[in-house]
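Have a look at the structure below before the remarks.
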Number of protein chains: 2
Amino acid sequence: MPDIKHFDPDATLETVVRLFWRQGVASTGIQDVVTATGLNRSSLYATFGGKQDLYRAALGRYLEQRSQPMFRRLAEDGRGLPAVSEFFGGLIEARCSGEYARWGCMVSNAHAGAENSDPEVRAVLDQHHHELREAMYAALITAETQGQLSSGVDPGTSADLLALLAYGVNLRSRAGADAATLSRTVSAALNSIGVRAAA
Amino acid sequence: MPDIKHFDPDATLETVVRLFWRQGVASTGIQDVVTATGLNRSSLYATFGGKQDLYRAALGRYLEQRSQPMFRRLAEDGRGLPAVSEFFGGLIEARCSGEYARWGCMVSNAHAGAENSDPEVRAVLDQHHHELREAMYAALITAETQGQLSSGVDPGTSADLLALLAYGVNLRSRAGADAATLSRTVSAALNSIGVRAAA
DNA sequence: AGTATCTTGGAATTCTCATTTCAGGATGGC
DNA sequence: GCCATCCTGAAATGAGAATTCCAAGATACT
């Protein structure tokens, strides 16, 4: 009896993610969303609700599809410090070149804007931070097990440090920070932690 | 012959700084500015121009009055690493407690938002980063001269690292990061750089 | 085929925002 | 005390925002 949806909500949400990711929620109008997705206002509202709901859904999708896979790879990689190094290498490359260059991280961007006044958004921010920190911690524990950490280095504190560093990379990349400089900086941090960190 | 201004533009701008600093430019209306400053729309426009001009003026004032004094103190302090440690101590305290708690840094916030699409704003962002990095570098050169740096530590790369760390602190403080954790994290970074860093 | 139900397109509605305008009031040199 | 000049207040303007509504079209089960 019912009619079926004539579009793919998932593909639509991906388009919306890119809009909010690049421009932020405040400077993105529903009209922008309508234009970019090609579908109708009514369909948008019927499917996702209002603008804030749409933003929340987009932010959730970003976390699941973009952040968490990276975190998982980092946490489950058995190599220790090389995994951390690779994580930052991929991060810097994604932030400074290719399609998403200078877009920063959608979650980091949300930290700085008025988005974070929404409790649900704040919860996502906290979740993101917790997961990043825990993934980093897991990789450092692995590194410690394999004797890669310099003496006196605490994995917990180092996880906090590297997580904070990642936010710095995310933020500065939006202003066009140089990838080579960022890489050198991250390498220095890793060298200070480990007996020998890969590139 | 002319009438004189009936208010203090400097005090007004300070009020405006706090509005934009806390809420960002997109979610702050001219009406908010009118209400907060108590002066009239016409006076606002006559004195500062439009909203974007007002934001630029506020951002400039923030840089001059809030950031640069800190940078100068850091660069001109002759103690080396203790100066760096004190810089971060003051930063964390300002970001996590008192009147401006959870406001982050107005410049860091501008990185993440749509503000940075304005070339003039971008220039301020670059200037801020350059000055922060150079101040950090100066302090580390001082530290090196006094033999405070561990062997193999490059002041330039370390300056980049600590600058990036400051951005991380600024960003995460907006989400309510714990001051004690931030302090521990920063201390660890300083310990990895110096032979002995003060609290 | 019929029909209940959902989707769709686009106009309509209701706000809010930035900016301008203008008449009246205050100022200070003459 | 006069007047050119600037300031002040409040309303007006006009663009653009989010959201809602409704008539028309499409669907799939009976």
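Each chain gets a letter, A, B and so on, in the order the sequences are listed, and its residues count up from 1.
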Exercise for the section: Output the residues of residues 32-50 of chain B in contact with DNA chain D, where contact means a heavy atom of the residue under 4.0 Å from an atom of the strand; sort by number or write none. Expected result: B:Asn40, B:Arg41, B:Ser42, B:Ser43

Practice task
Report the C-alpha distance between A:Glu131 and A:Gln127 in whole Å, list the side-chain angles of each, state the deciding distance to 0.1 Å, and finish with yes or no for side chain to side chain donor-acceptor pair (under 3.5 Å).
Solution key: CA-CA 6 Å; A:Glu131 289 176 359; A:Gln127 184 186 351; 3.0 Å; yes

Handout entry: Atom pair distance, as rounded to whole Å: CD in B:Gln52 and P in C:dT19
Key = 9 Å

Exercise for the section: Quickly work out the A:Lys5 NZ to D:dT27 P distance and round it to whole Å. Expected result: 15 Å

Handout entry: Atom-pair distance (CD1 on A:Ile30; P on C:dG9), nearest Å
Key = 16 Å

Practice task
Step by step, work out the side chain to side chain donor-acceptor pair (under 3.5 Å) result for B:Gln31 and B:Arg41.
Solution key: CA-CA 8 Å; B:Gln31 181 57 48; B:Arg41 253 179 198 68; 2.5 Å; yes

Fill in the blank from the handout: Correct closest heavy-atom pair for A:Ser27 and B:Ala114 would be OG-CB, 3.1 Å

Handout entry: A:Arg66 and A:Glu14 ion-paired at < 4.0 Å
Key = yes

Exercise for the section: Would you kindly give the CD-to-C1' distance between B:Gln31 and C:dC15, to the nearest whole Å? Expected result: 14 Å

Problem - Ring geometry between B:Tyr100 and B:Trp21 (parallel below 30°, tilted from 30 to 60°, perpendicular above 60°) - result: parallel

Exercise for the section: Taking only the side-chain heavy atoms of A:Lys51 (C-beta and beyond), determine which of D:dT19, C:dT8, D:dA28 contains the nearest atom. Expected result: D:dT19

Completion exercise
note: A:Leu54, atom CG; D:dA17, atom C1'; distance rounded to Å ~ 15 Å

Fill in the blank from the handout: Here the distance between atom C1' of D:dA28 and atom CD1 of A:Ile4, to the nearest Å, is 10 Å

Exercise for the section: Name the nucleic acid region contacted by B:Ser27, choosing base, sugar-phosphate or nothing; use a 4.0 angstrom heavy-atom cut-off, strictly under. Expected result: nothing

Problem - N-O pairing of A:Glu86 and A:Arg73 below 4.0 Å - result: yes

